[in-house]
2 protein chains.
Amino acid sequence: MSDKPVTIYDIAQLVNASAATVSRVLSNSNYPVSSEMSKKIKEAAKQLNYTPNMLGRQLKKNNSMSIGVIIPSISNPFYADVVLGIEEIARQSGYQVLLCNAHQNPKLEAEYLQTLLEKQVKGVIISSISQRRGWLKPYLNRGVSIISIDQRIESRQVVQIGFDYRHGAYLACSHLIQRGHRRIAFISAALNRSSRQHIHQGYQDAMQEAGITPLKAWIQISEDCEDTKYCSTFEFNNGKQLAHHLIAMPIQERPTAILSCNDLTAAGAIKELKEQGIDVPGQMSVIGFDNIELSEMLTPSLTTVNLPKYELGTLACRTLMNLLNGDHVGEREMMLPPEVIERDSVVTRLE
Amino acid sequence: MSDKPVTIYDIAQLVNASAATVSRVLSNSNYPVSSEMSKKIKEAAKQLNYTPNMLGRQLKKNNSMSIGVIIPSISNPFYADVVLGIEEIARQSGYQVLLCNAHQNPKLEAEYLQTLLEKQVKGVIISSISQRRGWLKPYLNRGVSIISIDQRIESRQVVQIGFDYRHGAYLACSHLIQRGHRRIAFISAALNRSSRQHIHQGYQDAMQEAGITPLKAWIQISEDCEDTKYCSTFEFNNGKQLAHHLIAMPIQERPTAILSCNDLTAAGAIKELKEQGIDVPGQMSVIGFDNIELSEMLTPSLTTVNLPKYELGTLACRTLMNLLNGDHVGEREMMLPPEVIERDSVVTRLE
DNA sequence: CTGAAAGCGCTAACAT
DNA sequence: ATGTTAGCGCTTTCAG
């Protein structure tokens, strides 16, 4: 237990070889080594219970074989799925993932990035809340590859991978319109992220295309509150509150359907509607956004817009690996297509 | 961008000092350095835009300042919360978290542990599915501190931190009994983990204490299927299926309440019951286990047993930090207390 | 095919 | 208070 750890020198000594040769064998270099020497070394390594110290290799090669993943919070199931995808590809590629929960805090984001740099991480996947233009510049200048997921970052130098939120919302809203709805509400927390802005835009586009001018009161967007920690409960309660505003409207103006900026908010809305004795989808249809696992567990199960989260993770990580290998990366900007998942919370409205 | 990275030598040169002095200043060692020298060095570091290369320090000190966290899957919200707690403490202590999703695969678990060792990780928090006695021995022998969370591991050398599942289930079942229920079902996936076994035991204990002998058919435990990837949907569908069996029983034998081994399964049960026209909690009360965020979003919101997951994470990581610092760690085995959270899925049964 | 030697960036005796 | 020196464990020229 308190023995000195065994190194390639110990092995070299045991088989009367040099450390160089041992290194060549044990690091799977393609440098020629006689097969008998190679065999002896491998046996000795096993016998001595050798474990390579990667810090040595990594210092030499200046490559830590780790990537950083900076997200708001892993307790958000959305990111949990993305990270699962990232980690899977990373592992397959021999990389490890350093997980950083930045809690929507720009200072923490910067702190993490610094730490990752110091740990000689050469690639970072980030879903940053910071919109401040150029803030990644100093890191990029140090040769770190950065991939921004889900949230846009103003920079030509970072690869952006996300979802086409606008189109997703457009699809969702069109779905409602096709089912005979015209008074369609949009509910969301503050539009302080590009994703939410795009969802809002998609809603507007679909409405306009259908020739519907939404009433002000149909568009319920809550105040921007700078709560530092992410929390599902916030979105949920927000949905409850916004739905409450909606049903306070006079019946002839009241919407017959709600498009929510995410599933959590939709869940809150449904809960509130039911508590207020409004049947979903009988009296009010609800469509969500994200397709987290929750959505099929609700009653009624939630019609929503699927975002391929795991696939976002794998694509981001694959792209990062290409970048690190110096392979050519085609697009600097990629969008994964959303898709409406029909379940039970939307009903066709008979005129 | 392709410049050589700046090292302490560059700084030393600039201020006419030795690398040693620079190191002493920049690594916050408490070794005495004149304040003017110190100031010059700090300024030079800033001017040169110096970023320390931790690989150098870590190789020297043989400490990677990373810990490993091995869990079945981060997409399980239970573990997401735990990991959030772990990461928070790790960050505060200057450590980073390497995340490993082992997908209930013993081979992957071992592979990860090996990689972590090679990366010179000195502490690992693991929720292992492997029950094979002594399998951690080789790692422990290399001086790695291991903390086992949530799942028991047969070893005197690893600190165990978990929940008192038995007591939690006992509380839950007693809660139902106190509310007049006597025909109480227990539903669960296969009892292939100690947590589930203990929950089952708690159920039995509470029933026995109340003088109730459960019918065989009340205890619905599904087959052990070796599905490699964890998936919420599995637990959910399992709940649906098991609930289905329950309501197939003749009405006079049919349970009036269900104790579920986790919230996901409870959610499935509730869904199935509602689909079959059985009112929850009017005709059937349901109590869950875990208190994941989903539970308050369901309708009816789920009465369940809270497990302090985030706290488990922080406690585990704090304990690990103590271990790594060589501080004395009191208990080798800790249990966090569960607690019944009353919501709307349990009703008092009037005889 | 194999080995000697230098060095990745940093720290820590041990001098001075 | 500062400098010199010798590594940490590994890879990689360069010579043989």
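A note on names: the letters A, B, ... follow the listed sequences, proteins ahead of strands, and every chain is numbered from 1.
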Length of the line joining [X]:[atom1] and [N]:[atom2], which is rounded to integer Å:
| X | N | atom1 | atom2 | answer |
| --- | --- | --- | --- | --- |
| B:L59 | C:dG7 | CG | P | 17 Å |
| A:Q120 | D:dC10 | CD | P | 19 Å |
| B:N53 | D:dC8 | CG | P | 18 Å |
| B:K61 | D:dA6 | NZ | P | 22 Å |
| A:K119 | C:dC10 | NZ | C1' | 16 Å |
| B:L117 | D:dG9 | CG | C1' | 16 Å |
| B:N16 | D:dT4 | CG | C1' | 16 Å |
| A:K4 | D:dG9 | NZ | P | 8 Å |

From [options], nucleotide with atom closest to [X] side chain:
| X | options | answer |
| --- | --- | --- |
| B:A20 | D:dG3, D:dT12, C:dT2 | D:dG3 |
| B:M37 | C:dG9, D:dT2, C:dA12 | D:dT2 |
| B:K60 | C:dC14, D:dG9, C:dA12 | C:dA12 |
| B:Y31 | D:dT12, C:dG9, C:dA15 | C:dA15 |

Does a side-chain N or O from [X] land closer than 4.0 Å to OP1 or OP2 of [N], or not?
| X | N | result |
| --- | --- | --- |
| B:R57 | C:dT11 | yes |
| A:T7 | D:dG9 | no |
| A:S23 | D:dT11 | yes |
| A:T21 | C:dG3 | yes |

Quiz item: For the side chain of A:Y9 and the base of D:dC10, is some donor closer than 3.5 Å to an acceptor across the two?
Solution: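 Such a pair is found, so the answer is yes.
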Exercise. Select from A:R24 and A:I8 the residue whose nearest nucleotide in DNA chain D is closer to the 5' end of that strand.
Key: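 Per heavy-atom nearest nucleotide, the more 5' residue is A:I8.
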Hey, does [X] reach any base, or is it just sugar-phosphate, or nothing, if we go heavy atoms under 4.0 Å?
| X | value |
| --- | --- |
| B:L55 | nothing |
| B:S27 | sugar-phosphate |
| A:N62 | nothing |

Verify whether one side chain among [X] and [Y] offers a donor that lies under 3.5 Å from an acceptor in the other.
| X | Y | answer |
| --- | --- | --- |
| A:Q120 | A:N62 | yes |
| B:S73 | B:Y79 | no |
| B:S35 | B:S38 | no |
| B:R57 | B:N63 | no |
| B:E118 | B:Q114 | yes |

Practice problem: Specify the closest pair of heavy atoms between A:V6 and A:N49, including all atoms of both residues, with the distance to one decimal. | Solution: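 So the two residues come closest at CG1-O, 4.4 Å.
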